[in-house]
Amino acid sequence: RRGGHDGFAPRDGDLCVSCEEQHRGRRRERHRDGAHHDPEAARLVFEARSTTREVGGGFRFLSAVLASALHNTATGAKLAEQAGNAWGGHLVEPPPPYTSLSHEIGIERIVALLDEHAFEPSVEGTTIVMSQCPFRELVDGYGDVVCALHRGLLAGALETLNAGVELDELVPFAVPGRCHARLRTTA
């Protein structure tokens, strides 16, 4: 083993990954082992590659596995709603202690959260219209779980925001291709 190369000794002309950064700057560098690497003549010893051909493919697969597992239990939808509630509260920034947000600011933050997660939301009165569901392909088989998760997400976020607004009802596909989150004020 030669110092500075974590378990492998580069041959003359090899360029280790730590040297690759220096190669880009066209500098000749002396290593702790005393060797010089000439970036002009060097070749890369190894290269990191992604093992996933399609980034979203793994997430879709994992989503389907988890949704099907929850769907096949008596309490699956309840567990999905609880998880959504916990994550909804985690995904929004709460107001400082002993303060609350206005209804309008609370709704704006919920819309921003939904937009960030590809729901394509808009507001119509006291209803948030979601014209896109990021898990649409799972709704046909596991709608109870997917919609419960989304219901929990909204309820948890609204509770954390302390804006005097809560989820009254989530209506999946209230109109074709659009879900409605009907809100009500509490204070």
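Since the model is a prediction, treat every value here as computed from it, not as a measurement. Excluded from the calculations below are hydrogen atoms, water molecules and symmetry mates; all remaining heavy atoms, backbone and side chain alike, are included.
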Exercise for review: Would you check if the side chain of T73 reaches a backbone N or O of L70 as a donor-acceptor pair within less than 3.5 Å?
Suggested key: yes

**Study point:** Sub-4.5 Å side-chain heavy-atom contact between L183 and D168
**Key:** no

Check your understanding: Should I107 and V171 be counted in the same cluster of Ile, Leu, Val, Met, Phe, Trp and Tyr side chains packed under 4.5 Å apart?
Key -> no

Review point. Does N162 reach the main-chain N or O of P95 with its side chain, forming a donor-acceptor pair under 3.5 Å?
Key: no

Exercise for review: For residues V123 and G125, report the shortest heavy-atom separation together with the two atoms involved.
Suggested key: CG1-O, 3.5 Å

Point to revise | Contact summary for S131 and E120, nearest pair of heavy atoms | key: OG-O, 2.9 Å

Point to revise | Single-linkage hydrophobic cluster W87~V92, side-chain heavy atoms < 4.5 angstrom | key: yes

Point to revise | Side chains of Q82 and T75 in contact at under 4.5 Å (non-hydrogen atoms) | key: no

Review point. Got L114 and I110 here, is their nearest side-chain heavy-atom distance under 4.5 Å?
Key: yes

Review point. Linking Ile, Leu, Val, Met, Phe, Trp and Tyr by side-chain heavy atoms under 4.5 Å, what else ends up with V129?
Key: none

Check your understanding: Nearest 0.5 Å, what's the CZ-CZ distance between F135 and F59?
Key -> 10.0 Å

**Study point:** Flag, side chain of R109 to backbone of E93, donor-acceptor distance under 3.5 Å
**Key:** yes

Point to revise | A163 backbone acceptor or donor facing S100 side chain under 3.5 Å | key: no

Review point. Given the side-chain rings of F173 and H180, with only the six-membered ring counted for Trp, is the space between their centroids under 6.0 Å?
Key: no

Review point. How close do C179 and P172 get, heavy atom to heavy atom, and via which atoms?
Key: SG-CA, 3.7 Å

Check your understanding: Rounded to the nearest 0.5 Å, how far apart are CD1 of I128 and CG of L154?
Key -> 6.5 Å

Exercise for review: Give the C-alpha distance, both sets of side-chain angles, the deciding distance and a yes or no for side-chain contact (heavy atoms from CB on, under 4.5 Å) between L66 and L62.
Suggested key: CA-CA 6 Å; L66 294 174; L62 178 61; 3.9 Å; yes

Practice item. Measure from the side-chain N and O atoms of D115 to the backbone N and O of V111, and report whether any donor-acceptor pair falls under 3.5 Å. Key: no

**Study point:** Distance-minimising heavy-atom pair for C133 and V146
**Key:** SG-CG1, 4.4 Å

Exercise for review: Please report the C-alpha distance between R184 and E166 in whole Å, then the side-chain angles of each, then the deciding distance to 0.1 Å, and finally whether the side-chain contact (heavy atoms from CB on, under 4.5 Å) criterion is met.
Suggested key: CA-CA 6 Å; R184 70 170 166 243; E166 65 184 14; 2.6 Å; yes

Practice item. Test side-chain contact (heavy atoms from CB on, under 4.5 Å) on L153 and L91 and set out the steps. Key: CA-CA 9 Å; L153 183 79; L91 292 172; 3.9 Å; yes

Review point. Is there a side-chain contact between P121 and Q132 (heavy atoms, below 4.5 Å)?
Key: no

Study note, to complete from the structure: Applying side chain to side chain donor-acceptor pair (under 3.5 Å) to D140 and not counting sequence neighbours gives R136

Practice item. Look at the side-chain heavy atoms of Ile, Leu, Val, Met, Phe, Trp and Tyr, link any pair under 4.5 Å apart, and say whether Y142 and L149 land in one connected group. Key: no

Check your understanding: Linking I/L/V/M/F/W/Y whenever any side-chain heavy atoms sit under 4.5 Å apart, do L101 and L158 land together?
Key -> yes

Exercise for review: Would you please name every residue forming a side-chain contact (heavy atoms from CB on, under 4.5 Å) with A64, sequence neighbours left out?
Suggested key: L138

Check your understanding: For H71, what residues pass the side chain to side chain donor-acceptor pair (under 3.5 Å) criterion, not counting sequence neighbours?
Key -> D144

**Study point:** Set of residues satisfying side-chain contact (heavy atoms from CB on, under 4.5 Å) with respect to E81, sequence neighbours excluded
**Key:** A148, R151

Review point. Of the non-hydrogen atoms in P134 and H117, which two are nearest, and what is the gap between them?
Key: CG-O, 3.3 Å

**Study point:** Heavy-atom pair with the smallest gap, counting every atom of G89 and T160
**Key:** CA-OG1, 3.1 Å

Study note, to complete from the structure: salt bridge (charged side-chain N to carboxylate O under 4.0 Å, His left out) filter on E137, not counting sequence neighbours, yields R60

